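Below is one structure, written out as structure tokens; comments come after it.
Chain identifiers are assigned alphabetically (A, B, ...) following the order of the sequence lines, protein sequences preceding nucleic acid strands; residue numbering begins at 1 within each chain. Here the structure is a predicted model, which is why all the values come from computation and not from measurement.
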Protein chains: 2
Amino acid sequence: MTDSQPPTGAGGPSVRPLDPAELGTCFVLMEAVSLLQHQVEQQLRATGGISYVQFQLLARPAHGDGPLTMTELADGVVYSRSGLTYQAGLLEKAGLITRDPSPDDDRATLVTVTDDGRALVEAVLPGHVEVVRRLLLDPMAGDDLHRLGDVMTRVRAQPPRSATPRRRRPPVAEQ
Amino acid sequence: MTDSQPPTGAGGPSVRPLDPAELGTCFVLMEAVSLLQHQVEQQLRATGGISYVQFQLLARPAHGDGPLTMTELADGVVYSRSGLTYQAGLLEKAGLITRDPSPDDDRATLVTVTDDGRALVEAVLPGHVEVVRRLLLDPMAGDDLHRLGDVMTRVRAQPPRSATPRRRRPPVAEQ
DNA sequence: TATTGTTATACTCTATAACTATA
DNA sequence: TATAGTTATAGAGTATAACAATA
């Protein structure tokens, strides 16, 4: 329809717009995952009183071998260190993890999941799996699972752009 | 490894755990989308001072025919009505949308994107498309796009469970 | 100097419940 | 009675910058 647009904008030189298939796939991907995430969040909150972020922070080291450093723990879960410190503070206060100084590196903090933490993960897991299975896995067929895994592995591997472009507009934010 | 687990838990009767492929795909899907969403959010904030939610609220009616009601606008973007009212309040205050009573239904509010709103969407769009293309579309090949679209369409269509199970634990929350 | 982690602070956003008004 | 939308409010989460300590 609107196939004009002198293709230069604030975003850079000449950007080809998305065709309907690209647009549709983006859209449905974001919406489906958003829906899934919302349901997962509900289940975790209802069953264990934790958020998805907290679940990830508990589940990863709970099923691993040893304790992780804060930095290792943050990987892929949280985008700011202070955010992790905040969450770790909550989890520690709830008795689900402990934080101790690392013997190897005196700067580092080692996070260990307590027995209570492990128990909580186990208590929450069946319902979590049920939601994931029902909402994500059940509607798949054939090699959908592997295809999806492959594609998303490539997507995840995409390097983030280094420089952040300058702010152009004041935020809409706040009231 | 741990193949025990008397498969009953708080989540319901007998839940088969995820096999490694299922677990891996879930994981990489959530992480890849989270990464994508974070980059998109950064770009929108930097270029237009808006969040992804706000972008969706602007972009949908901006490219549609007529104004939408609040309820129509909320669909798939927001999970509570008050959340939408909040966002609409911000967008209206920023002059990006207007809200007027519907002539058809005196309960409804019609949301119209203003010229400024449309201009903002256009200003932000090239950069948005660039991010989506680079992070999501470029790493795809062959019929990946269609396969992904198909799968996610099925996933999205999955009906949410009606009843919310009772809370079992106090939230970790707050400090 | 770079890295690890914490703190203080300021927002940004979401959700629940109560409410008004119309269908 | 059910639906559309708003308000008040509380709570959860995130991010920035400044900081301390170690590599």
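- Residue contacts for B:Thr69: at a heavy-atom cut-off of 4.0 Å it reaches the sugar-phosphate backbone alone, with no base atom in range.
- Residue-level contact check: A:Ser80 touches the bases, meaning some heavy atom is under 4.0 Å from a base atom.
- Between A:Arg147 atom CZ and A:Met152 atom CE the span is 12.0 Å, to the nearest 0.5 Å.
- Between A:Glu130 and A:Arg134 there is a salt bridge, since a side-chain N of the basic residue sits under 4.0 Å from a carboxylate O of the acidic one.
- Counting non-hydrogen atoms under 4.0 angstrom, A:Ser51 reaches the backbone sugars and phosphates but no base.
- C:dG5 atom P lies 16 Å from atom CD of A:Gln87, rounded to whole Å.
- When the P atom of C:dC13 is taken as reference, atom NE2 of B:His38 falls 13 Å away, rounded to whole Å.
- Looking at A:Glu22 and B:Arg133, a side-chain N of the basic residue comes within less than 4.0 Å of a carboxylate O on the acidic one, giving a salt bridge.
- Protein atom CD of A:Glu92 is 12 Å distant from nucleotide atom C1' of C:dT6, rounded to whole Å.
- When the C1' atom of D:dG13 is taken as reference, atom OH of B:Tyr86 falls 13 Å away, rounded to whole Å.
- Checking D:dA15, C:dT4, C:dC13 against every side-chain atom of A:Arg81, the shortest atom distance belongs to C:dT4.
- With distances taken from any side-chain atom of A:Tyr79 to the nucleotides D:dT6, D:dA23, D:dA15, the minimum falls on D:dA15.
- Between B:Lys93 atom NZ and C:dT12 atom P the separation is 12 Å, expressed in whole Å.
- Comparing A:Asp105 and A:Val78 by the nucleotide of DNA chain D that holds the closest heavy atom to each, the one mapping nearer the 5' end is A:Val78.
- Of the possible polar contacts, none joining the B:Thr109 side chain to the B:Pro101 backbone as a donor-acceptor pair under 3.5 Å is found.
- Which of C:dT6, C:dC13, C:dT4 sits closest to the side chain of A:Thr71 comes down to C:dT4.
- Ring pair A:His128/A:Phe55 is tilted by interplanar angle, where 30° to 60° counts as tilted.
- With D:dA15, C:dG5, D:dT14 as the choices, the nucleotide that has an atom nearest any side-chain atom of A:Thr85 turns out to be C:dG5.
- The side chain of A:Arg45 sits closest to D:dG13 out of D:dT22, D:dG13, C:dC13.
- Between B:Leu57 atom CG and C:dT12 atom C1' the separation is 15 Å, expressed in whole Å.
- Residue-to-nucleotide proximity on DNA chain D shows that, of B:Arg107 and B:Ser82, the 5′-proximal contact is made by B:Arg107.
- In this structure, B:Asp104 atom CG and D:dT3 atom P are separated by 19 Å, rounded to whole Å.
- Atom CD1 of B:Ile50 and atom C1' of C:dC11 are 18 Å apart (whole Å).
- Taking the side chain of A:Val53 as heavy atoms from C-beta on, and the options C:dT7, D:dT14, C:dT4, the nearest nucleotide is D:dT14.
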